[in-house]
K.L.:
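Here you go, one structure.
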Amino acid sequence: MSDSVAAGTSGTEPTLIVLPDPESVAAAAAGLVAETLHAAGMAHGRVDFATTGGSTPVAIYPHLARDPLRALVPWERLRLWWSDDRFVPRDHPLSNVQPAESVLLRVAAWSGESGQGVQGDDIDAGLTEGVWLSPDTIHPFPCTEAIARGVGPQWCAATYDALLRAAGPRQAGDWPVFDLMLLGLGPDGHIMSVFPGSDTFDSPAWAAAVPAPTHVEPHLPRVTLTPGVLRAAERVLVVTTGAAKADVVARIFADRADERALPGRLARRRGATWILDEAAAAGLARRQ
Ligand code: 6PG
C-alpha cells in the first residue's frame, strides 16, 4: 500500500492516505490543512483551528509559513486553539505552544529559498518571515497564567472551557465545532492528552485536567480537550510517521478496536483524514 487512499470517505471510516516518507507526509498534511482552512473561511468567515504538540506540527508549519500555502490560509480570519498542552509556561521548551511560536509565528521558517526573508541575514539563512496573527486570536491553554496565580491544571482547564464557550467555535448541540483539528498519535494510542483508560470519555466538559502520565514522556500534568470535542469537529487530520507507530495504528484500525483502550480510535471517523508514512502503515499492509 503506497501513495494510495486505502479507505473511502463514505460510511463511518476516515480517509487513509499512505505516503513514502515523513517529508511527503508533512507536505501533504500542510496542503490539506491549508485547503481545509481556506474552504472554511470561504464557507463562513471565521475559522477555528485546533493544533497540537509533539513533533507532528513541527514538520508541517514550515510549509504553511511559505507560499503557495501561506497565501491560501485565511490568516486574518483564523482563531488558533490547542488540542492539549503540558502544564508548563508558554515559553517552556516542552510547551505545546512552542512549535507554533518558534516555527509558524516567528521569523523562523526554513524555506531554503533566498529572497523571502525580511532582512539580509534572513535571506542568506533561507529564513522566511513568520505568519502574522493578531495576539487576541491565539488561544493557548492558560497554563502560564495558572502557574503565575499559583493555581493548578483544573483551573486552567475550566478557564479554557469557559473561554471556548464564550468566544470559541460555533456550536452544534452541546459541543463546539472546530473547522479543523490537527492531531498526532501517541505510541500508547493516546490522542490529544486523552490517554488509555481516561475518565474524560463521558465528560460533558470541553476541556479537562489530566494527571501526569507515568508511561509516556514528558511526565507532566496535562490539560486537554475532551473526546466529545473531537467527535464534534467538522474535520480531523491525524498525522503520524515512523515504525514505532505501526503497531498502534494497526490496533486502532482493527475490527473491534475500543476507543477507551485506544483513544486514537476516536479519530477513526467520517470527516477525518489520516496521513501516514509507509513505516507507520506497515501493520495495515500486513492485514490486507
Ligand atoms: C503531547 C501531544 C501528543 C502528541 C502525540 C504524538 O502533548 O505530547 O499533544 O498528543 O501529539 O504524542 O506525538 P508526535 O507528533 O511526536 O508523534
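Because the structure is predicted, anything quoted here is derived from the model rather than measured. Each ligand, and each atom within it, is numbered from 1 in the order the structure gives.
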K.L.:
Any chance you could measure T137, atom OG1, to W75, atom CH2, to the nearest 0.5 Å?
P.N.:
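So the gap between those two atoms works out to 10.5 Å.
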K.L.:
For ligand 1, which is the ligand I care about here, please tell me if N96 has any N or O atom under 3.5 Å from one of the ligand's N or O atoms.
P.N.:
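Min N/O separation from ligand 1 is below 3.5 Å for N96.
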K.L.:
Going by the order shown, which atoms of ligand 1 are within less than 4.0 Å of some heavy atom of R222?
P.N.:
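Close to R222: 1 (C), 7 (O), 8 (O).
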K.L.:
For ligand 1, which atoms sit closer than 4.0 Å to a heavy atom of R86?
P.N.:
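That gives atoms 1 (C), 7 (O), 8 (O) of ligand 1.
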K.L.:
Could you tell me whether I191 approaches ligand 1 through its side chain, its backbone, both or neither, with non-hydrogen atoms closer than 4.0 Å?
P.N.:
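For I191, no heavy atom sits under 4.0 Å from ligand 1.
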K.L.:
Evaluate S55 for polar contact with ligand 1, using N/O atom pairs at a separation under 3.5 Å.
P.N.:
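Looking only at distances, the answer is yes, because the N/O contact criterion of under 3.5 Å is met.
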K.L.:
Short list, please: which atoms of ligand 1 are under 4.0 Å from a heavy atom of H190?
P.N.:
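Heavy-atom distances to H190 below 4.0 Å select 3 (C), 5 (C), 10 (O), 12 (O).
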K.L.:
Please determine whether any non-hydrogen atom of T52 lies less than 4.0 Å from an atom of ligand 1.
P.N.:
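In this structure, T52 qualifies as a contact of ligand 1 - some heavy atom is under 4.0 Å.
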K.L.:
So which heavy atom on V131 is nearest to which on L64, and how close?
P.N.:
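Minimum heavy-atom separation between V131 and L64: CG1-O, 4.4 Å.
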K.L.:
Under the rule for ring-ring contact (aromatic ring centres under 6.0 Å, His included), what residues qualify as partners of F195, not counting sequence neighbours?
P.N.:
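With neighbours one apart ignored, the set is H190, H215.
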K.L.:
So, E259 and R269, do they make that salt bridge, N to O below 4.0 Å?
P.N.:
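No.
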K.L.:
Identify the closest protein heavy atom to atom 17 (O) of ligand 1: which residue and atom is it, and at what distance?
P.N.:
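Looking only at protein heavy atoms, the one closest to atom 17 (O) of ligand 1 is K245 NZ, 2.6 Å.
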K.L.:
Indicate the atoms forming the closest heavy-atom contact of M192 with T224, along with that distance.
P.N.:
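Distance-wise, the nearest heavy atoms are CB-OG1, 3.3 Å.
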K.L.:
Could you check atom 13 (O) of ligand 1 against the protein and tell me its nearest heavy-atom contact, residue, atom and distance included?
P.N.:
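Result for atom 13 (O) of ligand 1: G54 CA, 4.0 Å.
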K.L.:
May I ask you to identify the nearest protein heavy atom to atom 15 (O) of ligand 1, giving residue, atom name and distance to one decimal place in Å?
P.N.:
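Here the nearest protein heavy atom works out to T56 OG1, 2.5 Å.
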K.L.:
Out of R79, H44, R235, which residue meets the side chain to side chain donor-acceptor pair (under 3.5 Å) rule with D179?
P.N.:
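Per the side chain to side chain donor-acceptor pair (under 3.5 Å) rule, the option paired with D179 is H44, out of R79, H44, R235.
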K.L.:
Just let me know how M192 lines up against ligand 1, side chain, backbone, both or neither, with a heavy-atom cut-off below 4.0 Å.
P.N.:
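The backbone, only.
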K.L.:
If you measure from each non-hydrogen atom of D84 to ligand 1, which part falls under 4.0 Å: side chain, backbone, both or neither?
P.N.:
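Side chain only.
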K.L.:
Taking only residues two or more places apart in sequence, or in another chain, which ones meet P142 in a side-chain contact (heavy atoms from CB on, under 4.5 Å)?
P.N.:
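Here the qualifying residues are E145, W155, C156, T159, Y160.
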K.L.:
Are P153 and V210 packed together at the side-chain level, in the sense that at least one heavy-atom pair is separated by less than 4.5 angstrom?
P.N.:
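Side chain of P153 against side chain of V210, heavy atoms only: no contact under 4.5 Å found.
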